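Accompanying notes for the structure given below.
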Amino acid sequence: MSYLRIGLLLLIAVWLLVSCKEKNTATKQTAMQNKTWWKEAVVYQIYPRSFKDSDGDGIGDIKGIISKLDYIQSLGIDAVWLNPIYESPNKDNGYDISDYRNVSKQFGSMNDFDTLLAGFHQRGIKVFMDLVVNHCSNEHPWFKEASKSRNSPYYNYFHWWPAEKGEPPYRFSIFDEKGYGWEFNKATNSYYLHYFGDFQPDLNWENPKLRQEVYDIMKFWSKKGIDGFRMDALAFIAKDTTWPALPPEYNGVWVMYYASGPHLHDYIQEMNKEVLTPYKLATVAEAMGDVPRVKKFVDEDRNELNMAYNFEAIDFGYLPNEYKMPDPQGWDLVKWKQIYKRWDSAFTEKGWGTVYLANHDQPRMVTRWGNDAPEFRELSSKMLSTFILTMRGTAFYYFGDEIGMNNIKFDKVEDYNDVELHTNYAQVKAKGGDLKRFLEGMKISSRDNGRTPMQWDSTSGAGFTLGNPWLKINPNYTTVNVAAAEANQNSALHYFRKLTTLRKANEALQYGAFTLVDADNPDVFAYTRTLNNKTFLILLNFKNKTATLKTGMDLSKGKTLLNNYGSTNASETLQPYEASVIEF
Ligand code: TEU
């Protein structure tokens, strides 16, 4: 064969290889992008206690949410997640349920709920309910009965350690002052297990009867027509009931040990078969752990759940071995970007992630991840909203962030309501720790910062209540409120609406591949989202100073679709907290 022929054959072979590879990526893209409503959704989280009070008792309620349905629709969101609305003694604000089939009297009636659900559906908004089944309240009839006698039919609905066997093997409890997860019960002469507060006994998922009870509760709500469940503390439901001693490498990383009950995934698969598939429910779970662990919950082939929260990114920037104590050195953007990269690549083909920067367990996003100084509050909150709505993964957006609500930063421990805060305060106090330092840290990280009432207008009570609010209202409500934001065309609120519209109109922002740009840039979080022939470049300056980056792209070819400074010129120099969405 002549050299010419060999050369020609080689050329053809290379051409064939390249075109096949291109085809492969194309098929891969469509394969990874089987479309579903919940992958495209922006989910707006409503903390009912703090959203809108209709009867003047200082506590938000269902009728209050109903009165704001048109506002919620106007945001352009696709679904809502309601924090627990069930009957509860409210020691952990609804995460201690005493009746799974009734609405809390504080919030209204079942009729109100039915009206609310219909109101959402009429507006094309889907509804996620909170499912809290790792534990119930100690005032739930199951526990009340179980704790009377070992012969109670409900005794095995919970985990017990008989006192005649001595001290139970150590387990940690997050809302217990001593951090001890077993509580002695005299009537049964045994200890019951509680990973959270002693008022939140853990349910025994190893008991098939209990599992059936849970599925029945889920069916009860599903028959009403809800669209999905947000699953609380789901990683912890299964336990190793041989109660092995915690290994030396445990080192306080309880999620990695407790999240691994041997039958965890069997139970979730059973739940999927019994309820999730038949009722076509979407699911998002608190499935704590590292990426490989989390993947197991949402890998489509495993028939378990749809989405999981990214705890790694949200817990970033705290001092090791101290609960939610912000690192005085700040947090490292380059490392944070790598977390998102890792989580994104875990879900390119199977499974699906979520993107969020706040919820009821977190402080306000603008204080924690942006800058709530008056000159930067709106700018940085627009920048963070841009991040949440242009990343790959279902967007979970916390009520009030659309107007840039920020942390209230209580000075006194008495101002706090949260069981978590009071537990940790008591622990620091018992150890003779620095309480002043603790309270300073909590101004940044504590959960109550995210739970202060919604600021609707500048009237007394912020348009939230005519009564005495259950938690203090941020005094800046006189200027930071929905009414003021509606009146100002440049507000974070109007910007958020532009973002939801932009995301909806562009599949590339929903399904497009995510690639970091200038990954090592210490100030700017930049990335592209690409699908077929469309690319979006997103530039986000996370710092309070001018920053530059290298995109390696010809920005003159791009069109700026959205910019929080109103600029239309794409540039590699960004103003403090500048955000740009550029289309190519
Ligand atoms: O949170 C689960 C959880 O594991 C908590 O540790 C959470 O990460 C912590 O609150 C962060 O500060 C869920 C709910 O979201 C939370 O509100 C409840 O208090 C908790 O379960 C118990 O039900």
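On a predicted model such as this, the values are computed, not experimentally measured, just so you know. Counting starts at 1 for both ligands and their atoms, following the listed order.
When the options Asp361, Asn134, Asp315, Ile314 are ranked by their closest heavy atom to atom 15 (O) of ligand 1, first place goes to Asp361.
The atoms of ligand 1 that sit less than 4.0 Å from any heavy atom of Lys324 are 11 (C), 12 (O). Ligand 1 places these atoms under 4.0 Å from at least one heavy atom of His135: 22 (C), 23 (O). Of all atoms in ligand 1, numbered sequentially from 1 with element shown, those under 4.0 Å from a heavy atom of Glu286 are 1 (O), 2 (C), 13 (C), 15 (O). Applying the 4.0 Å criterion to heavy atoms of His360 picks out, from ligand 1, the atoms 14 (C), 15 (O), 16 (C), 17 (O). Every atom of ligand 1 with a heavy atom of Glu420 under 4.0 Å away is listed here by number and element: 9 (C), 10 (O), 11 (C), 12 (O). Close contacts of ligand 1 with Ile174, meaning ligand atoms under 4.0 Å from a residue heavy atom, involve 6 (O). Close approach of ligand 1 to Phe175 (heavy-atom distance below 4.0 Å) involves ligand atoms 19 (O). Short contacts between ligand 1 and Asp92, defined as distances under 4.0 Å to a heavy atom of the residue, involve ligand atoms 18 (C), 19 (O), 20 (C), 22 (C), 23 (O).
By the neighbour-count criterion of 12 heavy atoms within 6.0 Å, atom NZ of Lys224 is densely surrounded, having more than that number from other residues, nucleotides or ligands.
Residue contact annotation: Met288 has a non-hydrogen atom under 4.0 Å from ligand 1.
No cation-pi contact links Arg211 to Tyr157, judged by a cut-off of 6.0 Å to the six-membered ring centre and 45° from its axis. For the pair Lys68 and Trp456, the cation sits on the ring face: its NZ or CZ lies under 6.0 Å from the ring centre, inside 45° of the axis.
Counted by atom type alone, Asn83 and His360 present one or more donor-acceptor pairs between their side chains at under 3.5 Å.
The proximity of Arg230 to ligand 1, defined as any non-hydrogen pair under 4.0 Å, is limited to the side chain.
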